[in-house]
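Everything on this sheet refers to the single structure shown next.
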Number of protein chains: 2
Amino acid sequence: MQRSTTPVEQTDPQVGLAVSTVIFTLRADDGFGATDPQPGIWLPLVRRIREPYDGLWALPGGPLGAAESLADAASSTLETTTSLRPRYLEQLYAFGDLDRSPAERVVSIVYWALVGSDEAKRTRLGQNVRWFPADALPPLAFDHRDIVEYALWRLRNKLEYSHIAHAFLGETFTLSELREVHEAVLQKQLDPANFRRQVESSGLVLQTDELRTGGRHRPARLYRWTQPVTRPETPSPGRSTSRRPTTSTPTTRQQSEEPA
Amino acid sequence: MQRSTTPVEQTDPQVGLAVSTVIFTLRADDGFGATDPQPGIWLPLVRRIREPYDGLWALPGGPLGAAESLADAASSTLETTTSLRPRYLEQLYAFGDLDRSPAERVVSIVYWALVGSDEAKRTRLGQNVRWFPADALPPLAFDHRDIVEYALWRLRNKLEYSHIAHAFLGETFTLSELREVHEAVLQKQLDPANFRRQVESSGLVLQTDELRTGGRHRPARLYRWTQPVTRPETPSPGRSTSRRPTTSTPTTRQQSEEPA
DNA sequence: CCAAAAGTGTTCAACGTACACCCATGT
DNA sequence: ACATGGGTGTACGTTGAACACTTTTGG
């Protein structure tokens, strides 16, 4: 007798199914009003008010409702916790080790999300919710520390071949502003000249005819994204790198323009 | 009142949790004894024997047992279906749309796996299990067609920066054999000369002092992998690209698994 | 005028690709 | 001898990093 095929009857009732979300934003202050020179990645955590791990901080999340999709659950967690709507949302991974939670068996499907810097700053949080800098997290409950690390890795990775930086900026932005986002996320300095050329030739961004004045230097041209926000809620192979092979290979089939 | 933090109480009992596996192997025959010139990707499917989708083919899988980890569930599905052990196993994605299954609500955590070509050939399958070429699948139940497409994309993607081709080859192999694997998976011809150099400089592979004779041509040197099998069962950021930066900063650019 | 960021140009090394060519074996 | 794949050499175009240099504003 072999196992039956996938969607099937009902699961063992002992296995709980939860959805959690790692929410990122970019902030330039230190949380007390002082302004850092470089912005950094921040994320909201929820203080647990029961066992296990009572008192520790944890990722916002909760059980999956029977009538909500996975992304909806992640999104609604986010809104309930921060009163914000995600500008980007993507599934991260399903964590299901047997010993994640001391007593019960819980599988957590984790999403990661980006929210706007400006909006995040204005938000008032509940009593048991606080923003923390990603590089100075308190002790976390469960395996949430690993989850955050993995989400950070994914964020940094993704930044390099997509326009998720969109989520941190307004409708229009200067290339310096965009570069600062990249520098904050990747935590390294980028050559302004090379960065400019890379972005301009990526096709993700479009010149406007406006300038941003005000700095005590030459005004900077404003740009806008060519496409609206990315919401990869269905994992589709297409990566739309918009690259065309210069010389060769009519590789028969629609050789997907995949990344790695 | 806000949603509580992650691993938590119990889920709505209406939501089922299943684990399915997309199993790939490489075969050179057409299923009837004739030998194709180029091997292709094949995968086993299970014929459903009940509603919904009775009679259609589906991915092997089943409900998650309370005492098994996600990877164990995927692995055991694989063994039950094909009597094989996976040489590679990785989580693909969690599919949880509301309308995946007509009546009930089921979330499927899907894994993808590779099994050895030689082993797969020797295996006898049960009555309701059959291998199909990935490019000629029958109509599939549920959203399994999309899932397979996504898994294929991931396989092709991953082939280029890891040594998962390991799974299709023996302990030692010639560079031609390795190239044939790549050509079969990527479905395009590769320049033997350039392929050789790329692989040799990748550090993933090591020369032996043995040769493979027998062809009516110059004997080919045998190689072996520098590392054993990859089993990324914890999604760790480190990709171990083992690349040495020639001049400047260790910019270890790596590509992410997962979609656009 | 000076500081500072915006924006352009140039050089160089690394890398992928195409392709010519030699090597060693079985028949 | 010759066909066939194993294996080496090389030239060229693209890309990315480094960095010199010009431009335009505010003070």
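Every value quoted in this text rests on a predicted model; they were computed, and no experiment measured them. Proteins come first, then strands; the chains are lettered A, B, ... in the order of their sequence lines, and each starts at number 1.
A close approach under 4.0 Å does not occur between any side-chain nitrogen or oxygen of A:Gln198 and OP1 or OP2 of D:dT15.
Computed from coordinates, the A:Arg216 CZ to C:dC1 P distance equals 19 Å when rounded to whole Å. Summarising the geometry, the separation between CG on B:Asn194 and P on C:dC15 is reported as 14 Å, rounded to the nearest angstrom. Distance B:Glu177 CD to D:dG6 P: 9 Å, rounded to the nearest Å. Counting to the nearest Å, the C1' atom of C:dA18 and the CZ atom of B:Arg196 are 17 Å from each other. If you take CG of B:Leu222 and C1' of D:dG7, they are 15 Å apart, rounded to a whole angstrom. In this entry the distance linking CZ of B:Arg218 with C1' of C:dT27 reads 19 Å, nearest Å. Atom NE2 in A:His217 sits about 11 Å away from atom P in C:dA4, given to the nearest Å. Between the CG atom of A:Asp191 and the P atom of D:dA20 there is a distance of 11 Å, given to the nearest Å.
Listed by chain and residue number, A:Pro219, A:Arg221 satisfy the side chain to side chain contact (heavy atoms under 4.5 Å, CB included) test with A:Leu211 (two or more places apart in sequence, or in another chain).
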Does the side chain to side chain contact (heavy atoms under 4.5 Å, CB included) test come out yes or no for A:Leu45 and A:Leu59, once each step is laid out?
-> CA-CA 5 Å; A:Leu45 296 173; A:Leu59 293 171; 4.0 Å; yes
Would you check, one step at a time, whether the test side chain to side chain contact (heavy atoms under 4.5 Å, CB included) holds for B:Leu43 with B:Trp112?
-> CA-CA 11 Å; B:Leu43 52 97; B:Trp112 64 284; over 6 Å; no
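Residue contacts shown for B:Arg212 are absent, as no nucleic acid heavy atom lies under 4.0 Å away. Residue A:Thr213 is classed as having no contact, given no heavy-atom separation below 4.0 Å to the nucleic acid. Using a 4.0 Å heavy-atom cutoff across all strands shown, A:Thr174 reaches no nucleic acid atom at all.
The two residues B:Pro86 and B:Val115 make their nearest non-hydrogen contact at CA-CG1, 4.2 Å.
For the pair A:Ala193 and A:Pro219, nearest-nucleotide mapping onto DNA chain D gives the more 5' position to A:Ala193.
For the residue pair B:Asn194/B:Arg197, the side-chain donor-acceptor check at 3.5 Å is satisfied.
Comparing D:dG6, D:dG7, C:dG7 by their closest approach to the side chain of B:Ser176 singles out D:dG6.
A donor-acceptor contact under 3.5 angstrom links the side-chain atoms of A:Arg197 to the base of C:dG9.
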